[in-house]
Amino acid sequence: KRKVSEMKACEKAVLNSIVTSEGQPISSVEDYLPELNTLEQDRETLKSDIDNFSHLNQFWAGCLETAEKKNQCHVCERKFQGDEKSFTVNKIRKKIATEAKAQIEAEYKEMDELYQEAQASRSQYETYIRLSTKEVPPLENEIKAAEEQRTTLLARLDQEDATVRQVEEARLKVEAL
């Protein structure tokens, strides 16, 4: 009973550790590893987006600096004519958006928290798998065998009781004579 209750507690912890996109806990323990891997991939994608965003911002900052200081294109090194410079500088400044990076970082932080919570249930997942596949089934088989043996012994006891009653009745009849 103790192992079964431990297994059920682990199952509950695992099921509640990951919430699906519909806002519901996962429906089966078998979904845990795939969902955990999905969370990890999503988290890594966001981390990569943050890193790429930083590199892209560095590139745009270099373009802006080249346009302002050298009055030329950073990529092709062509000199600007007329108001090309102000048009290009305004366009580059729009590309450098720190708000977008902050949003990606917030999403990453949220995804990382979800992943850490799910990862924290990994030991309960492993305990559940160990109990449900290796420990509880043999114990259940032992219980079943013991119950069958008990049933057999009770039937035998009933037969013996009936025999004792018959002998007792016969003894009482003999004594009554």
Side-chain angles (χ1 to χ4, degrees), residues 1-67 73-75 88-157:
K1 283 186 176 183
R2 185 178 53 82
K3 291 205 183 248
V4 171
S5 64
E6 180 183 1
M7 184 176 77
K8 289 184 184 210
C10 288
E11 178 183 29
K12 184 177 179 182
V14 169
L15 293 177
N16 290 326
S17 70
I18 297 178
V19 177
T20 64
S21 55
E22 295 86 31
Q24 299 296 319
I26 56 176
S27 58
S28 128
V29 174
E30 288 76 29
D31 295 339
Y32 175 77
L33 283 182
E35 288 291 334
L36 182 66
N37 289 336
T38 300
L39 280 174
E40 185 175 22
Q41 289 171 353
D42 291 349
R43 183 183 75 144
E44 292 305 316
T45 299
L46 286 170
K47 185 163 179 36
S48 174
D49 288 351
I50 291 170
D51 294 342
N52 290 338
F53 193 86
S54 296
H55 294 301
L56 193 58
N57 258 2
Q58 288 174 350
F59 170 76
W60 288 120
C63 289
L64 184 62
E65 184 178 334
T66 303
C73 174
H74 182 72
V75 177
T88 304
V89 166
N90 287 337
K91 195 171 181 180
I92 292 171
R93 284 194 174 129
K94 288 179 185 175
K95 296 279 186 189
I96 302 175
T98 55
E99 292 173 14
K101 183 178 181 183
Q103 180 182 353
I104 294 172
E105 286 175 338
E107 287 176 26
Y108 172 77
K109 182 179 179 187
E110 181 180 332
M111 184 62 66
D112 187 53
E113 288 172 2
L114 291 173
Y115 174 76
Q116 295 301 330
E117 288 174 17
Q119 184 67 24
S121 293
R122 183 74 179 239
S123 64
Q124 280 106 342
Y125 169 78
E126 291 169 357
T127 300
Y128 173 83
I129 295 298
R130 176 179 44 81
L131 289 171
S132 66
T133 59
K134 294 180 180 160
E135 292 183 24
V136 172
L139 292 174
E140 288 174 340
N141 290 339
E142 285 180 31
I143 290 171
K144 184 177 178 183
E147 286 174 348
E148 288 172 0
Q149 184 180 13
R150 178 179 178 259
T151 303
T152 303
L153 290 174
L154 285 174
R156 201 166 128 205
L157 180 63

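Computed over heavy atoms, backbone and side chain alike; hydrogens, waters and symmetry mates excluded.
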Give me the atom names and distance for the closest heavy-atom approach of [X] to [Y].
X    : Y    : result
F53  : I104 : CD1-CD1, 4.4 Å
S121 : S17  : OG-CB, 3.1 Å
D112 : R43  : OD1-NH1, 2.8 Å
H74  : G62  : ND1-O, 3.5 Å
A67  : V89  : CB-CG2, 4.0 Å
P137 : S132 : CG-O, 3.2 Å

Next on the checklist: Going by the rule side-chain hydrogen bond (donor to acceptor under 3.5 Å, both in side chains), which residues pair with S27 if we only count those two or more places apart in sequence or in a different chain?
Outcome noted: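 So S27 forms a side-chain hydrogen bond (donor to acceptor under 3.5 Å, both in side chains) with D31.
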Item to check | Any residue meeting side-chain hydrogen bond (donor to acceptor under 3.5 Å, both in side chains) with T133, in chain and number order, not counting sequence neighbours | outcome: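 Checked T133 against side-chain hydrogen bond (donor to acceptor under 3.5 Å, both in side chains); zero matches.
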Checklist entry - How would you list all residue pairs meeting salt bridge (Lys or Arg N to Asp or Glu O under 4.0 Å) that involve residues 11-21, not counting sequence neighbours? => result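 Non-adjacent pairs meeting salt bridge (Lys or Arg N to Asp or Glu O under 4.0 Å): zero.
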Item to check | Pair listing, salt bridge (Lys or Arg N to Asp or Glu O under 4.0 Å) test, anchored in residues 127-156, at least two apart | outcome: K3-E135, R130-E135
Can you tell me how far the [atom1] atom of [X] sits from the [atom2] atom of [Y], to the nearest 0.5 Å?
X    : Y    : atom1 : atom2 : value
D49  : E105 : CG    : CD    : 11.5 Å
Y125 : I18  : OH    : CD1   : 10.5 Å
Q24  : N16  : CD    : CG    : 10.5 Å
L15  : Y128 : CG    : OH    : 8.0 Å
T45  : N52  : OG1   : CG    : 10.5 Å
I129 : M7   : CD1   : CE    : 10.0 Å

Show me the side-chain donor-acceptor pairs of residues 32-42 shorter than 3.5 Å, one per line, residues at least two apart or across chains.
residue	atom	partner	partner atom	Å
Y32	OH	A118	O	2.5
Y32	OH	R122	N	3.2
N37	ND2	L33	O	3.3
T38	OG1	P34	O	2.9

Item to check | Residue pair L131 / T127, side-chain heavy-atom distance below 4.5 Å | outcome: yes
Checklist entry - Considering only heavy atoms from C-beta outward, does the side chain of V19 approach that of P25 to under 4.5 Å? => result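 In short, these two side chains do not touch, never coming nearer than 4.5 Å.
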Checklist entry - Can you list the residues that meet the side chain to side chain contact (heavy atoms under 4.5 Å, CB included) rule with E113, with sequence neighbours excluded? => result K109
